[in-house]
Colleague: 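Below is one structure. I have some questions about it.
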Number of protein chains: 2
Amino acid sequence: MTHEPDRLSDATVLRLPTYLRALAELEARGVTSVSSEELAVRSGVNSAKLRKDLSHLGSYGVRGVGYDVRVLADEVSKVLGLAQVRPVVIVGMGHLGHALADFGGFATKGFDVVACFDRDPDIVGRRIGGLDVHSMAELPQVLARVAPRGDAIAVIATPAASAQGAADDLVLAGVRSVLNFAPVHLAVPQGTDVRKVDLSTELQLLAFHAMHRDALPGGASSAGSDLSTSEVPS
Amino acid sequence: MTHEPDRLSDATVLRLPTYLRALAELEARGVTSVSSEELAVRSGVNSAKLRKDLSHLGSYGVRGVGYDVRVLADEVSKVLGLAQVRPVVIVGMGHLGHALADFGGFATKGFDVVACFDRDPDIVGRRIGGLDVHSMAELPQVLARVAPRGDAIAVIATPAASAQGAADDLVLAGVRSVLNFAPVHLAVPQGTDVRKVDLSTELQLLAFHAMHRDALPGGASSAGSDLSTSEVPS
DNA sequence: TAGTGTGAACAGTTTCACAGCG
DNA sequence: CGCTGTGAAACTGTTCACACTA
């Protein structure tokens, strides 16, 4: 159908989820067409970059008009591999794990939390977010049942001290995609993909930027991720 | 004392917190000296990059020996602006806000959670993580009291629909550093620094990498953030 | 001699500016 | 005419390889 895109750059892939969210908002509001300029503002990037990113997926825009919201959203979803729902398991049912299990936002985004685990016997057996909490010993069996295709994504929400052990167990059980909320660098075998989300790191980056903003009043601030000036009209 | 460093690149600053954590671990273990190679492995980067990053801070290593752990940790902390403790306020006391308020890990890292807020009258007045939950109306007064120097960092942990409103209130109250957990792009005035942490985005990136790993069995995986092969000896 | 610090080559990313199309 | 798609230029970041020094 559409020409197979040449491999997408890391930088481009990193921005696709942001575009997808902006598109979903527009679609929910009944907007059917959008220009690169408007979509760029809503996504917090400049329009040339957005156009170049999208051009790597193929030619989905109409010159002089813009992009069809529905068509583009579908295409980005497809490229990101969201065509079918992926199972997610959570390890570590403290406050954070609890928050993640209860959060309904995944379902709409192509993910489904299908199991959760904890090491603490006091927590094992409870019901959280509609799921039974399993012991770590049950991990291989439960995983084989809820994600028989071996495509589960694991979220590590344990304390720092338990995270490497949890990662080892997960890898042993065949998991190859891990989202790590514990503030440690995980060592995993090649072929396993780890992404890290770390609160302290984010705060430290904000502190750094704040310091330089105050020290150098002349310059505008420059954020690591998001920065925007204009209010978005409803 | 040390020559004032030329401006650090964004990419370098982004890695400093990671180095700092690795250094803190080593220091806690009583290690006093470390080579660029070992510190690099523990941080998940290659040693040339690490040396170049550190060289931008000044010359803190000893040729033929390595870096003094204590000295380097202090220097990195200083550069990141962690010399004095920064106040943090949390807006949105759902499960996530609750988790953040209870998490003690900040204190050791130069941050102190000093107040929390929620819009819901059922939650206002409760005590969470040793703090009273305030209403949003109290934001300006409370902020002036707990962060009189105007250097507070705000964490937004509200649902997506309330996040922009919360951001507006915070900006009005003088906050200029925001960590946003809500899955929306916030519009803020220039001079305000927003960093975004988004679960769905992270899962989508993992899904993308997983799809390409399975489709192209030849290549090694390449993660957006972390990837490592070797176990770190204790 | 072991390991830092760094210029120089390389790779990747962003921005510019405009041709070309609906 | 307006807006996409895209080469080419500018910039930023990474890797290499080795001079240099404690």
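Lettering follows sequence order; numbering is per chain, from 1.
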Colleague: In this structure, how many angstroms lie between the P atom of C/dT6 and the CG atom of B/L54, rounded?
Modeller: 12 Å
Colleague: To the nearest 0.5 Å, what is the distance between CG (A/D193) and CG (B/L205)?
Modeller: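 Answer rounded to 0.5 Å: 9.0 Å.
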Colleague: Rounded to the nearest 0.5 Å, what separates atom CG in B/L50 from atom OG in B/S35?
Modeller: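 Nearest 0.5 Å value for the CG-OG distance: 9.5 Å.
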Colleague: For A/L39 and D/dG5, what is the distance between atoms CG and P respectively, to the nearest whole Å?
Modeller: 12 Å
Colleague: With the sugar-phosphate defined as primed atoms, P, OP1 and OP2, and the base as all remaining atoms, what B/S/- string results for nucleotides 15-22 of chain D, 5' to 3', for protein heavy atoms under 4.0 Å?
Modeller: B-B-BBBB
Colleague: If you measure from OG1 on B/T158 to CG on B/L96, what distance do you get to the nearest 0.5 Å?
Modeller: 9.5 Å
Colleague: I need the CZ-P distance between A/R15 and C/dG12, as an integer number of Å.
Modeller: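 A/R15 atom CZ is separated from C/dG12 atom P by 15 Å.
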Colleague: Just how far, in rounded Å, is P of D/dG5 from CG of A/D53?
Modeller: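 The answer, rounded to whole Å, is 12 Å.
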Colleague: Can a side chain N or O of B/S36 be found less than 4.0 Å away from OP1 or OP2 on C/dT4?
Modeller: yes
Colleague: Ignoring backbone atoms, test whether A/S59 places a side-chain nitrogen or oxygen under 4.0 Å from the OP1 or OP2 oxygen of D/dG5.
Modeller: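 Yes, such a contact exists.
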Colleague: Rounding to an integer number of Å, can you tell me how far B/Y60 OH sits from C/dT6 C1'?
Modeller: 18 Å
Colleague: Would you kindly give the NE2-to-P distance between A/H56 and C/dT14, to the nearest whole Å?
Modeller: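 Result: 11 Å.
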Colleague: Heavy atoms only: give me the nearest A/A163-A/N180 pair and the separation to one decimal.
Modeller: CB-OD1, 4.5 Å
Colleague: Using a strict cut-off of less than 4.0 Å between a Lys/Arg side-chain nitrogen and an Asp/Glu carboxylate oxygen, indicate whether B/E25 and B/R21 qualify as a salt bridge.
Modeller: no
Colleague: May I have the distance from A/L50 (atom CG) to C/dT15 (atom P), rounded to whole angstrom?
Modeller: 12 Å
Colleague: Once you round to the nearest 0.5 Å, how far does CG of B/L23 lie from OG1 of B/T18?
Modeller: 11.0 Å
Colleague: Contact class for A/S9 vs. all strands (heavy atom < 4.0 Å): base, sugar-phosphate, or nothing?
Modeller: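 Sugar-phosphate contact only.
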Colleague: Any side-chain to backbone donor/acceptor pair from A/D112 onto A/V114? Under 3.5 Å, distance only.
Modeller: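 It does not hold such a pair.
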Colleague: Among D/dT4, D/dG13, C/dT4, which nucleotide sits nearest the side chain of B/Y67?
Modeller: C/dT4
Colleague: Could you tell me how far apart B/D68 (CG) and C/dT4 (C1') are, to the nearest whole angstrom?
Modeller: 15 Å
